[in-house]
Participant: 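Here you go, one structure.
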Amino acid sequence: MFSTGIDVGRTACDTAEPHTVEGLVYQLCRWCGTASFRKLLCPVCASSDLEPERSDGHGVVVRSSVVNRYSRVMRNESLVRFPEGFVYRCRIVGAAPHLVSVGDRVRPVDGTTSEAGEVVLELCDPPLTAGWY
């Protein structure tokens with residue numbers, strides 16, 4: 001932020017308590033404009049001049065797989081493409097792991113944080129389970 005030389009007091013928006021906003025914070029390279037998620041350097045030009053931006057967190061599943069490693073419980077890990085232009089591996093909850101398919105729309109889970117630091121999303125449209133047999 002640039003200084004104008006004028007000392008301005010805090011506004012009412014600055015003093016109000018921050019509210020939680022759902023979504024993801026990603027980085028946008030100031031040199032080439034490439035969007036990335038949780039990177040130290042731009043994957044295209046290797047610049048470290050990354051500016052944080054906010055995404056609403058909605059995306060589309062590009063690849064889906066059922067994982068059963070390191071635990072007895074099966075879970076879904078999917079590659080999700082976000083409209084800002086980056087792809088990231090996320091865990092999909094709220095549906096059976098084998099019912100998540102390519103092309104499903106996903107959104108962030110309200111109030112759920114993962115202790116492992118992974119991104120947790122849920123399906124926008126729950127799968128139809130009646131009559132699948």
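From a predicted model like this one, the values you see are computed outputs, not experimental measurements.
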Participant: Let me check something: do Val80 and Tyr88 share a hydrophobic cluster, defined by ILVMFWY side-chain heavy atoms less than 4.5 Å apart, either directly or through other members?
Facilitator: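 Yes; tracing contacts between hydrophobic side chains, which count when under 4.5 Å, links both residues.
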Participant: Go through the steps for Asp125 and Asp104 under the test side-chain contact (heavy atoms from CB on, under 4.5 Å), then give the verdict.
Facilitator: CA-CA 8 Å; Asp125 304 319; Asp104 287 344; over 6 Å; no
Participant: Can you tell if the side chain of Val61 reaches within under 4.5 Å of the side chain of Ser101, non-hydrogen atoms only?
Facilitator: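 Of all side-chain heavy-atom pairs linking Ser101 with Val61, none is under 4.5 Å.
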Participant: Give the minimum heavy-atom separation between Pro52 and Val25, together with the two atoms involved.
Facilitator: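 Nearest heavy atoms, Pro52 then Val25: CB-CG1, 4.0 Å.
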Participant: Which heavy atom of Leu123 sits nearest to which heavy atom of Ala95, and what is that distance?
Facilitator: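 That would be CD1-CB, 3.6 Å.
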Participant: Other than Val60, what residues sit in its cluster of Ile, Leu, Val, Met, Phe, Trp and Tyr side chains whose heavy atoms are under 4.5 Å apart, directly or through others?
Facilitator: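 Besides Val60, the cluster holds no residue at all.
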Participant: Taking only distance into account, with no hydrogens and no angle test, what donor-acceptor pairs under 3.5 Å do side-chain atoms of residues 26-38 form with protein atoms, sequence neighbours excluded?
Facilitator:
from  : atom 1 : to     : atom 2 : distance (Å)
Gln27 : OE1    : Arg38  : N      : 3.1
Arg30 : NE     : Glu51  : OE1    : 3.4
Trp31 : NE1    : Ser47  : OG     : 3.3
Arg38 : NH1    : Gly117 : O      : 2.5
Arg38 : NH2    : Gly117 : O      : 3.2

Participant: Which heavy atom in Cys42 sits nearest to a heavy atom in Cys45, and how many Å separate them?
Facilitator: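 In this case the closest contact between Cys42 and Cys45 is SG-N, 3.5 Å.
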Participant: Look at the side-chain heavy atoms of Ile, Leu, Val, Met, Phe, Trp and Tyr, link any pair under 4.5 Å apart, and say whether Phe82 and Leu50 land in one connected group.
Facilitator: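 Looking at the clustering, Leu50 is in a separate group from Phe82.
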Participant: What's the shortest heavy-atom distance between His58 and Cys124, and which atoms?
Facilitator: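 For His58 versus Cys124, the nearest heavy atoms are CD2-SG, 4.1 Å.
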Participant: Leu41 and Ala46: which non-hydrogen atoms are nearest, and at how many Å?
Facilitator: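 Here Leu41 and Ala46 meet closest at CD2-O, 3.8 Å.
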Participant: Hey, does Val100 have a side-chain heavy atom less than 4.5 Å from the side chain of Ser78?
Facilitator: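 SC-SC contact between Ser78 and Val100 confirmed.
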Participant: In the structure I gave you, are the side-chain heavy atoms of Arg91 and Arg75 within less than 4.5 Å of one another anywhere?
Facilitator: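 Heavy-atom side-chain distance check passes, below 4.5 Å.
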